[in-house]
Each structure stands twice: as C-alpha cells, then as structure tokens.
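Here's the structure we're looking at; comments come further down.
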Number of protein chains: 2
Amino acid sequence: MGHGNSEGTTLRSDVGAATAADAGFTAAATPAGELSAGMTAWKQRYPDLAACPIRTVLDRLGDKWSTLIVITLAGRPHRFGELRRALPDISQRMLTQTLRELQRDGLIGRTVFPTTPPSVEYALTPLGTTLLGPLRELVRWADANQPAVEEARRAFDGRLAA
Amino acid sequence: MGHGNSEGTTLRSDVGAATAADAGFTAAATPAGELSAGMTAWKQRYPDLAACPIRTVLDRLGDKWSTLIVITLAGRPHRFGELRRALPDISQRMLTQTLRELQRDGLIGRTVFPTTPPSVEYALTPLGTTLLGPLRELVRWADANQPAVEEARRAFDGRLAA
DNA sequence: CAGCATCCACTGTGATACTG
DNA sequence: CAGTATCACAGTGGATGCTG
C-alpha cells in the first residue's frame, strides 16, 4: 500500500501555544484551534456532552464493524452474502444488526429484489458517500501511524515490566 | 458554530461505478477507490481483519471519552482536575483509565510535578497532534451532517411504527 | 438466500470508598 | 490533588437453531 504519507495533515508548531487572544484568526486555521473552539461551542449548545455530534458519529464508527462495512461498500454495492464473505470473521447476527444501524442512520440503502430465493443489496447512500472523505483521512492516519502507536505501546508496557 | 460546511469533501458521481479496470488511475483519486483498494490490501497483509489499522485506531477513538479528551487537550495542556471539570459527566475512574490508554498509545504525555499536593499535567504529544487533522475532518462531517442523520433516524423509526 | 430469536460470555462503564 | 481498588451492571458481540 503506497498511500501512507502524511499529506494533508496541517501540523503547526503553535498548536499548544495559541491563547484565547488570537483565537479569532488562528482558531479557524489550525485543527487544534478549530476543534478547541468547536468543543467550547458544543458545551453551550448541548446540556450534556453525551449528545454532541462527536458521539452521534463516533458511537457508530467506533463499533466493531460499521467502518469496515462502509469501506467495503465504498467499492460497490454488495449483497448480504457477499458482505459476509468479505468480512470473514463477522457473525451473521452482527452483520444484520450493523447493517440495520447504518440504514437507520441513512448511511446505507437496502434494496430487496423479490426473486426466489430473495436477494438484498446494500449500497452507500449519498450521505454515506460524503463520509468517505473524512474517513479516508482517518484511515490514512491509521495506516501511516500504526507502527508508531504499536511502538509506543511496547515502550509503555516495557517500562512497566522494568 | 460557523464551520458546518462540506468543504474538503471530495464527492464524485462515479463513486459506485468504478470498476477494477480503471482502478489504476481512479482508485487513488477518489476516497471510495482509495478506501476500497486499501481494504483489499489489508486483507492480504493481515490474517484477520481484527488487526487492521482501522481497528487499531478506531477501537480507541470509538470509546466513550478518548476523542473528547483529545479535543480538549488540543487547546492546551490540562491538569487532571481541569479535565474532570471540562468533561462534566465523566467519572474519575474512566478519566484515569482513558488517559492511561491514550498515554500508552503515545498520543498524550503525562508530566508529574512533585509539589504538595502533587499535580499532573496531560498534553498532546507530536503524534497525538498529527491526529487532529483527520479528526477535524470527521468532526466537521459530524457537525454538518448530524441533522441529516437524526432525520434519517426519525424517518426510519417512523416507518416501523406505521 | 437473507434474516430473526434465544441464550450466553465478555468487556466497557459507573458508583463508591479508600490512599500517597 | 491525583489517583487505586472493589463491586455491580448494561451493552456488545458471538454461537446456535429456526423461518419465509
């Protein structure tokens, strides 16, 4: 895989040093500033942080299969059985359940062909497709930095043992 | 919050239509193609999909607090008590536990000041800071599309009741 | 083929109480 | 202040068997 670069990652050295004073200009320019400002805004809009957009999205992406299913469907629509074969270690129960959740959230569509035996096709909706952009950034990061994360884990665990 | 646009989302109409034939050129250009190709590559590199980079990253981001903590630290370093106040409904246990995980993954650093009483400061590491870029994209998507997702949910639930 | 129902184990999460 | 330890519980995920 050759896309493990860090292109697109706006890394600036002033990240931890920006004060509230220059937030008007800097905040929107750096990821750190924008995220920090957004966080502040959420805490005023949402009584409990549990309802903020981050949760709405990540509670889904964070489960065991949703993201892998979305990525699989990014290539082309799949039938139920195809998905099952594409995700070898998923149980039928979790596949059905996760597909329902994704459908409920409007990210994927379900089309039934009333043949015998019946066949059902799942595909990304336009909304689901717009998620692929942000998702790709995250996947790139994961792909590029997995070695660093794993080394950090080894170092951390090693320090405990010593 | 004024950044709820869809800027940066490379949405193309050929998403579901790309075949393997033009993958050499198209695949790397669209999020769908790149994700799809990456998925194929993982399945060869990782015996079980459970070990793929997506999991390594999302298992962490997907838990209840990690992302909120990272975003909070994006602004500036925080002490333990500060974090607790910044995340009103987090329990002490989960704060400690999540901070340890993030530290283990090398995303945040922990600095102890041996004063009395002791104080401990948490801050993003350089590695953790590079995550802010991808994370921002995801947060933008969440922020922009939360209404659409919630409407889809209502529509789905309504259809069941009818 | 696609999917539902049931039972069960594990893990994540939280409340509470205690400590250097 | 910044934790650790213990207990209890709910949600998630998996195995199996059955159905239109």
Side-chain angles (χ1 to χ4, degrees), chain A residues 48-51 54-56 58-69 72-73 77-105 108-123 156 159-160, chain B residues 48-52 54-69 72-73 77-105 108-123 156 159-160:
Chain A
D48 55 343
L49 274 177
I54 280 287
R55 285 289 179 70
T56 310
L58 285 185
D59 276 0
R60 193 115 321 284
L61 264 47
D63 70 26
K64 205 172 177 183
W65 301 107
S66 290
T67 306
L68 288 174
I69 291 179
T72 302
L73 293 181
H78 281 64
R79 289 179 48 187
F80 188 89
E82 281 183 308
L83 279 172
R84 192 139 76 125
R85 283 185 292 277
L87 283 359
D89 52 352
I90 193 175
S91 69
Q92 196 180 44
R93 171 187 152 85
M94 289 317 298
L95 180 53
T96 301
Q97 184 174 309
T98 309
L99 286 170
R100 278 302 115 75
E101 298 278 358
L102 290 171
Q103 185 191 357
R104 188 173 105 96
D105 286 1
I108 69 175
R110 186 184 118 115
T111 310
V112 182
F113 297 97
T115 56
T116 47
S119 76
V120 180
E121 191 177 83
Y122 294 91
F156 186 88
R159 232 176 303 147
L160 292 185
Chain B
D48 55 342
L49 275 176
C52 75
I54 279 287
R55 284 290 178 71
T56 310
V57 174
L58 285 186
D59 276 0
R60 194 113 322 283
L61 264 49
D63 71 24
K64 205 172 176 184
W65 301 106
S66 290
T67 305
L68 288 174
I69 290 178
T72 302
L73 292 181
H78 282 64
R79 291 179 47 188
F80 188 88
E82 282 183 306
L83 280 172
R84 190 138 75 126
R85 283 185 293 277
L87 284 359
D89 52 351
I90 193 175
S91 70
Q92 196 179 41
R93 173 189 152 88
M94 289 316 299
L95 180 53
T96 301
Q97 184 174 308
T98 309
L99 286 170
R100 278 301 117 76
E101 298 279 358
L102 290 171
Q103 185 191 358
R104 188 174 106 97
D105 286 1
I108 68 175
R110 186 185 116 113
T111 310
V112 181
F113 297 96
T115 55
T116 47
S119 77
V120 180
E121 190 177 82
Y122 294 91
F156 186 88
R159 233 175 303 145
L160 291 185

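From a predicted model like this one, the values you see are computed outputs, not experimental measurements. Numbers restart at 1 for each chain; the letters A, B, ... are given by sequence-line order, proteins then strands.
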message = Could you work out how much the helix from C/dC1-D/dG20 to C/dG20-D/dC1 bends, comparing the axis of its first five pairs with that of its last five, to 10°?
response = 50°
note = Those residues at least two apart in sequence (or on a different chain) that pass salt bridge (charged side-chain N to carboxylate O under 4.0 Å, His left out) with A/R55 are none
ask   = Which two nucleotides bound the region of DNA chain C that has atoms under 4.0 Å from heavy atoms of chain B, read 5' to 3'?
value = C/dT13 to C/dG20
Residues 112-120 of chain A, side-chain donor-acceptor partners within the protein, below 3.5 Å, at least two apart:
residue : atom : partner : partner atom : Å
A/T115  : OG1  : A/F113  : O            : 3.4
A/T115  : OG1  : A/P117  : O            : 2.8

query = Is it true that a side-chain atom of A/T98 and a backbone atom of A/S66 form a donor plus acceptor pair closer than 3.5 Å?
reply = no
Set of residues satisfying salt bridge (charged side-chain N to carboxylate O under 4.0 Å, His left out) with respect to A/E121, sequence neighbours excluded = none
request  = Any side-chain hydrogen bond (donor to acceptor under 3.5 Å, both in side chains) involving residues 83-92 of chain B? Give me the pairs, sequence neighbours left out, ordered by first then second residue.
outcome  = none
ask   = Quick one: does B/L68's side chain get under 4.5 Å of B/I90's, heavy atoms only?
value = no
Nucleotide N/O to protein N/O under 3.5 Å, stretch nucleotides 17-20 of chain D:
none

ask   = Can you list every salt bridge (Lys or Arg N to Asp or Glu O under 4.0 Å) pair that touches residues 92-102 of chain B, not counting sequence neighbours?
value = B/R60-B/E101
task = Report the residues that fulfil side chain to side chain donor-acceptor pair (under 3.5 Å) with A/T72, sequence neighbours left out, ordered by chain and then residue number.
result = none
Detail all sub-3.5 Å separations between protein N/O atoms and N/O atoms belonging to nucleotides 11-13 of chain D.
residue : atom : partner : partner atom : Å
D/dG13  : OP1  : A/K64   : N            : 3.1
D/dG13  : N7   : A/R93   : NH2          : 3.1

query = Who passes side chain to side chain donor-acceptor pair (under 3.5 Å) against B/E82, sequence neighbours left out?
reply = B/R76
task = Select base, sugar-phosphate, or nothing to describe what A/R79 touches, counting heavy atoms under 4.0 Å on all strands.
result = sugar-phosphate
